[in-house]
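Below you'll find the structure, written out as structure tokens, and then a few comments.
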Amino acid sequence: MAVVKLVLDGIRRVAPEALDAAGELATLCDADGAGVPLEPYRAVLQAVSDHAGDLTLLRAGHAPDTLVDPILFVLLNSETPAQVIEKEARLARFIHSRHVVRVVAVHPNGVELEHVSTVDDPPRRTEDLAAAGQHVALFEQIGCQGLRLQLPGTEAPARWVYRAGGYEAPAAGSCARWVFTWDALVPTRRPMPGLDAHLLAGETRPELLESTATVGAVERIARADLGRTWTLSDVAARLGQSPRTLQRALAAEEARFSDVLDRVRVDAAARLLETSALSVTEIGYVCGFADTSHFSRRFKQRRGRSPSAYRSEADGRGHA
């Protein structure tokens with residue numbers, strides 16, 4: 001999972017000796033695949049905390065600007081922290097994650113979040129700190145300026161554990177709840193070399209040029225952030241219309257909003273299956289499908305075969 005590998009890469013930068021102390025457990029967490037084994041990951045985090053302290057776990061979330069990953073591409077191209085959390089929730093469904101971050105409250109210049117479990121196995125303090133550090137990095141990179149973080153469940157709830165680019169060690173107590181505040185939010189789309197060309201459709205493709213006015217406008221908005229769960233109200237607001245007006249305009253072009261989104265996502269997925277080395281799971285996620293079964297079902301309805309079968313056929317044509 002990209003965000004877990006982000007933490008492990010961060011630990012390697014800020015405290016490489018701590019991973020050495022964890023021994024082979026670090027290797028287990030580096031295994032390829034959509035998810036990361038929970039218990040080995042927990043053991044690594046605990047070893048790091050014992051060896052280098054909790055502050056290392058907070059600091060490990062910061063990634064270099066050169067990091068290229070399709071999951072991070074989706075997360076970092078968000079306009080608000082709440083959008084990041086929504087995209088993470090969809091990712092959790094794809095990889096069957098037991099730990100998720102939920103929004104407790106949204107404020108004009110802040111958000112309160114909680115790191116929780118979907119089963120009877122709550123995240124440990126070390127996991128809470130590592131995840132909080134990840135979100136410091138994510139929120140700064142999407143444009144939160146003057147970002148600050150407090151942990152209200154600890155014995156020092158007013159302490160800034162992150163402020164002005166610096167970290168402070170958290171106090172004893174629960175670190176599962178996070179209060180982020182910022183001075184200003186200036187959304188900043190982060191390009192990733194090698195991914196933009198695959199994940200963002202060029203507007204000169206013939207199938208785009210054939211779209212009618214309203215359908216084409218909806219397609220362009222959706223393609224700008226395929227990983228977002230677009231609603232009719234979201235798109236209507238972008239177009240300066242009411243949802244009802246947009247619905248009527250689409251109906252006049254014999255189109256439905258859900259069908260337009262569905263086609264955009266399936267077309268993008270087909271292109272990625274043909275031209276990229278991304279896994280089927282990654283493609284389903286970055287193209288905005290709700291989960292793996294939703295991706296397979298929608299793709300088969302429109303293309304007559306599963307994503308895996310479609311890729312196999314494309315590979316066969318490529319070698320013919």
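As the structure is a prediction and not an experimental result, all values here were calculated from the model.
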Hydrogens and angles aside, do [X] and [Y] bring a side-chain donor and acceptor to less than 3.5 Å of each other?
{"X": "Q46", "Y": "H51", "result": "no"}
{"X": "H115", "Y": "E127", "result": "no"}
{"X": "Y310", "Y": "E274", "result": "yes"}
{"X": "T181", "Y": "R148", "result": "yes"}
{"X": "Q141", "Y": "T188", "result": "no"}
{"X": "S293", "Y": "S296", "result": "no"}

Please find the pair of heavy atoms, one from [X] and one from [Y], that lie closest to each other, and give the distance.
{"X": "V235", "Y": "L246", "answer": "CG1-CD2, 4.0 Å"}
{"X": "D183", "Y": "N109", "answer": "O-ND2, 2.9 Å"}
{"X": "I283", "Y": "S276", "answer": "CD1-OG, 4.1 Å"}
{"X": "D128", "Y": "C175", "answer": "CB-O, 3.2 Å"}
{"X": "Y285", "Y": "R90", "answer": "O-NH1, 2.8 Å"}
{"X": "V286", "Y": "P70", "answer": "CG1-O, 3.6 Å"}

Judged by atom type as modelled, is there a donor-acceptor pair below 3.5 Å linking the side chain of [X] to the main-chain atoms of [Y]?
{"X": "T80", "Y": "Q83", "result": "yes"}
{"X": "R98", "Y": "T118", "result": "no"}
{"X": "H99", "Y": "D121", "result": "yes"}

Can you confirm whether [X] sits close enough to [Y] that some side-chain heavy atom of one is under 4.5 Å from a side-chain heavy atom of the other?
{"X": "P170", "Y": "R125", "answer": "yes"}
{"X": "V280", "Y": "F295", "answer": "yes"}
{"X": "V101", "Y": "E114", "answer": "no"}
{"X": "E168", "Y": "R159", "answer": "yes"}
{"X": "T245", "Y": "S242", "answer": "yes"}
{"X": "R305", "Y": "K300", "answer": "no"}
{"X": "L226", "Y": "V74", "answer": "no"}
{"X": "E282", "Y": "L272", "answer": "no"}

Enter the distance from [X]:[atom1] to [Y]:[atom2] here, rounded to the nearest 0.5 Å.
{"X": "C287", "Y": "L261", "atom1": "SG", "atom2": "CG", "result": "12.5 Å"}
{"X": "R42", "Y": "T126", "atom1": "CZ", "atom2": "OG1", "result": "8.0 Å"}
{"X": "L72", "Y": "L138", "atom1": "CG", "atom2": "CG", "result": "7.0 Å"}
{"X": "R223", "Y": "W230", "atom1": "CZ", "atom2": "CH2", "result": "13.0 Å"}
{"X": "E88", "Y": "L113", "atom1": "CD", "atom2": "CG", "result": "8.5 Å"}

Between [X] and [Y], is there a shared hydrophobic cluster once you connect ILVMFWY residues whose side-chain heavy atoms come closer than 4.5 Å?
{"X": "L55", "Y": "L45", "answer": "yes"}
{"X": "V116", "Y": "I95", "answer": "no"}
{"X": "V215", "Y": "L232", "answer": "yes"}
{"X": "L149", "Y": "V103", "answer": "yes"}

*asked:* Working note: E79 + I142, criterion side chain to side chain contact (heavy atoms under 4.5 Å, CB included); need CA distance, chi angles, decisive distance, verdict.
replied: CA-CA 7 Å; E79 296 177 346; I142 68 166; over 6 Å; no

*Could you check V106, V179, V84 and say which one makes a side chain to side chain contact (heavy atoms under 4.5 Å, CB included) with V111?*
V106

*Using side chain to side chain contact (heavy atoms under 4.5 Å, CB included) as the criterion, point out the one residue from R303, R302, R297, Q301 that pairs with F299.*
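Single side chain to side chain contact (heavy atoms under 4.5 Å, CB included) partner of F299 among R303, R302, R297, Q301: R303.
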
*Do we get R298 above F289's six-membered ring, with its NZ or CZ under 6.0 Å from the centre and within 45° of the axis?*
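Cation-pi check for R298 and F289: fails.
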
Return the orientation label for the [X] and [Y] ring planes: parallel under 30°, perpendicular over 60°, tilted otherwise.
{"X": "H135", "Y": "W178", "answer": "tilted"}
{"X": "Y167", "Y": "Y162", "answer": "tilted"}
{"X": "F139", "Y": "F180", "answer": "perpendicular"}

_Between I221 and R228, is the side chain to side chain contact (heavy atoms under 4.5 Å, CB included) condition met? List the steps._
CA-CA 10 Å; I221 290 170; R228 179 172 172 178; over 6 Å; no

*Is it true that E219 and R263 have a side-chain N and a carboxylate O under 4.0 angstrom from each other?*
yes

_Under a 4.0 Å threshold between the charged nitrogen and the carboxylate oxygen, would R59 count as salt-bridged to D54?_
no

*Heavy-atom neighbours of R256 CZ exceed 12 at 6.0 Å*: no

*Go through T229 and E86 one step at a time and tell me if the side chain to side chain contact (heavy atoms under 4.5 Å, CB included) criterion holds.*
CA-CA 8 Å; T229 304; E86 183 274 322; 2.4 Å; yes

*Walk me through it: do V100 and I85 pass the test side chain to side chain contact (heavy atoms under 4.5 Å, CB included)?*
CA-CA 9 Å; V100 298; I85 302 307; over 6 Å; no

